[in-house]
Colleague: 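Just dropping this structure here.
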Amino acid sequence: MRASQFFIATLKEAPSDAEIVSHQLMLRAGLIKRLAGGIYSWMPMGLRVLRKVEAVVREEMDSAGAVELLMPAVIPAELWQETSRWEKYGPELLRLKDRHQRDFVIGPTHEEVVTDIARREIRSYRQLPRHFYQIQTKFRDEIRPRFGVMRGREFLMKDGYSFHASYADLEREYCNMHDTYSRIFSRLGLGFRAVAADTGSIGGTGSHEFHVLADSGEDAIAFCPDSDYAANIELAEAVAPASERDLSTLAMTKVATPNRTRCEDVAIFLGVSIQQTVKAIAVMHEADGRRDFALLLVRGDHTLNEIKAAKLPGLDPFRFASDAEVEEFLGCKPGYIGPVGVGANVRVIADRTVAVMANFVCGANEEGFHLTGVNWGRDIGEPSLVADIRNVVAGDPSPDGKGTLQLCRGIEVGHIFQLRTKYSEAMKCTFLNDQGQPQVMEMGCYGIGVSRIVGAAIEQNFDDRGICWPVAMAPFAVVIVPMGYAKSDAVRTAADELHANLAKAGVDVVLDNRDERPGVMFADWELVGVPHRVVVGERGLKEGKFEYKGRRDSEATMVPAAEILEFLQQRVCA
RNA sequence: CGGGGUGUAGCGCAGCCCGGUAGCGCGCUUGCUUUGGGAGCAAGAUGUCGAGAGUUCGAAUCCCUCCACCCCGACCA
């Protein structure tokens, strides 16, 4: 490729709305252009990167035994109604009508379509298992798109769906995909971790997420440095404290705590540690016209895990109670509420940690007052339910008992699910088993955020000059930068020849024949992040040498002209 | 949806408080010089000042409405 025939659109300054480094660099390097919130054009340079990622994903999926197809982006509503997701999915699902006023959706995911294909095409156990995948543009009308392609509304996704005659076979494929994903992210040169995850609205049982580790990640991950345990904080279990509840030694006392509504402030005001305080969160569960009010208790320094709480019996789903509802049930404004003396219509649900606390501090259900020295059993009855409802914090014991947890942040780039029969049952996706009996297929579902990977990779690979692509996803593997391409016949001849030879050898090479000033060319290619650079100049040619510099190298090295081809090939393949 | 903020040239910004018909840097065009790290000099082009309505002799500036975008929150594969 010659730069003059390509399209290079670099920017010295990043547009001001780009918040994180990958977004800024993608805009500055001219990889993407924003068209609307969360909607981007992939410019030629960016598209090359995207295609590289796609190629790796496709190769590994194919060799893992999956088979590619391409499903429509526009899907008739009837399919979504069959699984009730038409009602359940919410405003994230982009709906539209055609000229006949028929309802359609722009697919955010394709369980319905692929299940429809499977139920029409697959009749016998002899045709199973089967794994279909596609690499396709998806649309999700995110509440808040941000970070460029990391959380776009339109994005490129690899989504695969497997169909099985038995759960055991689904488990086998799930492991196969776990391995395949690990290979894909390794080949792409990413630092990643597979973590146990919540299944979210897709539903199903087992699930793992693959996270690229980066401080800018939107997800928190709990992991154990001494074992393989890793889980999304949404799911990570806060194990029950090993210790017994302390003895009640203090008398319950009402104390004035004017204008102290946060545990932190109350603790400082009363001169106790925040670990002695209990935070009460008022929630409401509505079903069949009834309203059930509940108080969720976590220790003052802990935070509520809404996903865990939403799984508790009688709370699925819940919402936070309004200030008016808090007054209605407790006779007190938020900020001073607590479990002591509440009516029988208030359910008290305590986190495991809270359940073993003694002599603690909590709201008095009277504005401006808290209670100290509160004890279970003596001052209030035992909680109606003790459960794990908090987020783990660094230093908590690992659920596998092999050390303590640490926290880090990650960008979710892959997610694998065991869907089981959630969709196949709703859509009557059956086959005849070896007994000749109809049976519902077991399903798995496996996603990779292809466009998100591009952003995630940059978050892990950049310096003050720009992007430092892993070779596998670089737009070009090698750039040839000639010094005085228009002026010097010797330089032009040598650069052209090297370019031709590299291209012939199958190396993804670009020759910068724009005849820009050296500084401009250097800066552009460092910003774009091409991993290998060869400078062709009269200075070197006189000695019969080229100058090589890796994107992350601090110094350039001189390479004899006769060896340059092999030298580069070695590095590109490494 | 709630809170905050921003919309002025391709990009980054000033001007707005205190109304008088728009400017800076980068980029772009042309010429000359320069040519191993984002060149120098000279000449130039580029704006419905986000949109609409209003106040005023006069609006980028003041008032109102709307739109878009960004941040925080809620929400979310």
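The chains referred to below are lettered A, B, ... by the order of the sequence lines, with proteins before strands, and numbering in each begins at 1.
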Colleague: Met157(A) near the nucleic acid: base, sugar-phosphate alone, or nothing, with a heavy-atom cut-off under 4.0 Å?
Modeller: base
Colleague: Determine: side-chain N/O of Arg34(A) to OP1/OP2 of C70(B), distance under 4.0 Å, yes or no.
Modeller: no
Colleague: Classify the side chain of Arg151(A) versus the base of C76(B) as yes if they form a donor-acceptor pair under 3.5 Å and no if they do not.
Modeller: yes
Colleague: Does a nitrogen or oxygen in the side chain of Arg144(A) sit under 4.0 Å from OP1 or OP2 of C75(B)?
Modeller: no
Colleague: Expressed in whole Å, how much space separates the P atoms belonging to C49(B) and G38(B)?
Modeller: 38 Å
Colleague: Using a 4.0 Å heavy-atom cut-off across all strands, classify Ile143(A) as base, sugar-phosphate, or nothing.
Modeller: base
Colleague: For C18(B), give the paired nucleotide (Watson-Crick: N1-N3 plus N6-O4 or O6-N4; G-U: N1-O2 and O6-N3; both under 3.5 Å), or none.
Modeller: none
Colleague: Do Arg319(A) and Glu325(A) sit within salt-bridge range, that is, some charged N less than 4.0 Å from a carboxylate O?
Modeller: yes
Colleague: Please classify the nucleic acid contact of Glu234(A) as base, sugar-phosphate, or nothing, using heavy-atom distances under 4.0 Å.
Modeller: nothing
Colleague: Take His208(A) and His415(A) through the ring pair (Phe, Tyr, Trp, His ring centres under 6.0 Å) test and state the conclusion after the steps.
Modeller: CA-CA 6 Å; His208(A) 280 86; His415(A) 202 156; 9.1 Å; no
Colleague: For a quick check of understanding: with a heavy-atom distance under 4.0 Å over all strands, which category does Arg319(A) fall into, base, sugar-phosphate or nothing?
Modeller: nothing
Colleague: Does this structure show an ion pair linking Arg465(A) with Asp463(A), if we count only N-O contacts that are shorter than 4.0 Å?
Modeller: no
Colleague: Describe the nucleic acid contact of Glu209(A) in one word from base, sugar-phosphate, nothing, applying a heavy-atom distance below 4.0 Å.
Modeller: nothing
Colleague: Look at all strands and tell whether Ala18(A) reaches a base, only sugar-phosphate, or nothing, counting heavy atoms closer than 4.0 Å.
Modeller: nothing
Colleague: Using Watson-Crick or G-U wobble geometry with both distances under 3.5 Å, which nucleotide pairs with G12(B)?
Modeller: C24(B)
Colleague: NA contact type, Gly447(A), heavy-atom cut-off 4.0 Å: base, sugar-phosphate, or nothing?
Modeller: nothing
Colleague: Between the side chains of Glu327(A) and Lys333(A), is the shortest nitrogen-to-carboxylate-oxygen separation below 4.0 Å, so that they form an ion pair?
Modeller: no
Colleague: Any base atoms under 4.0 Å from Lys487(A), or only sugar-phosphate, or nothing? Heavy atoms, all strands.
Modeller: base
Colleague: Is Asp215(A) salt-bridged to Arg409(A), cutoff N-O under 4.0 Å?
Modeller: no
Colleague: Please check the phosphate of C11(B) (OP1 and OP2 only) for any side-chain N or O of Ser16(A) closer than 4.0 Å.
Modeller: no
Colleague: Return no unless some side-chain N or O of Arg140(A) is found under 4.0 Å from OP1 or OP2 of A77(B).
Modeller: no
Colleague: If we call it a pair only when both distances are under 3.5 Å in a Watson-Crick or G-U wobble match, what pairs with A68(B)?
Modeller: U6(B)
Colleague: Please work out if Arg28(A) contacts a base, only the sugar-phosphate, or nothing of the nucleic acid, heavy-atom cut-off 4.0 Å.
Modeller: base
Colleague: Just checking Val535(A): base, sugar-phosphate only, or nothing, at a heavy-atom cut-off of under 4.0 Å?
Modeller: base
Colleague: Is there, by distance only and without an angle test, a donor paired with an acceptor across the side chain of Arg533(A) and the base of G37(B) below 3.5 Å?
Modeller: yes
Colleague: Looking across every strand, which nucleic acid part, if any, lies under 4.0 Å from Glu516(A) by heavy atom: base, sugar-phosphate, or nothing?
Modeller: nothing
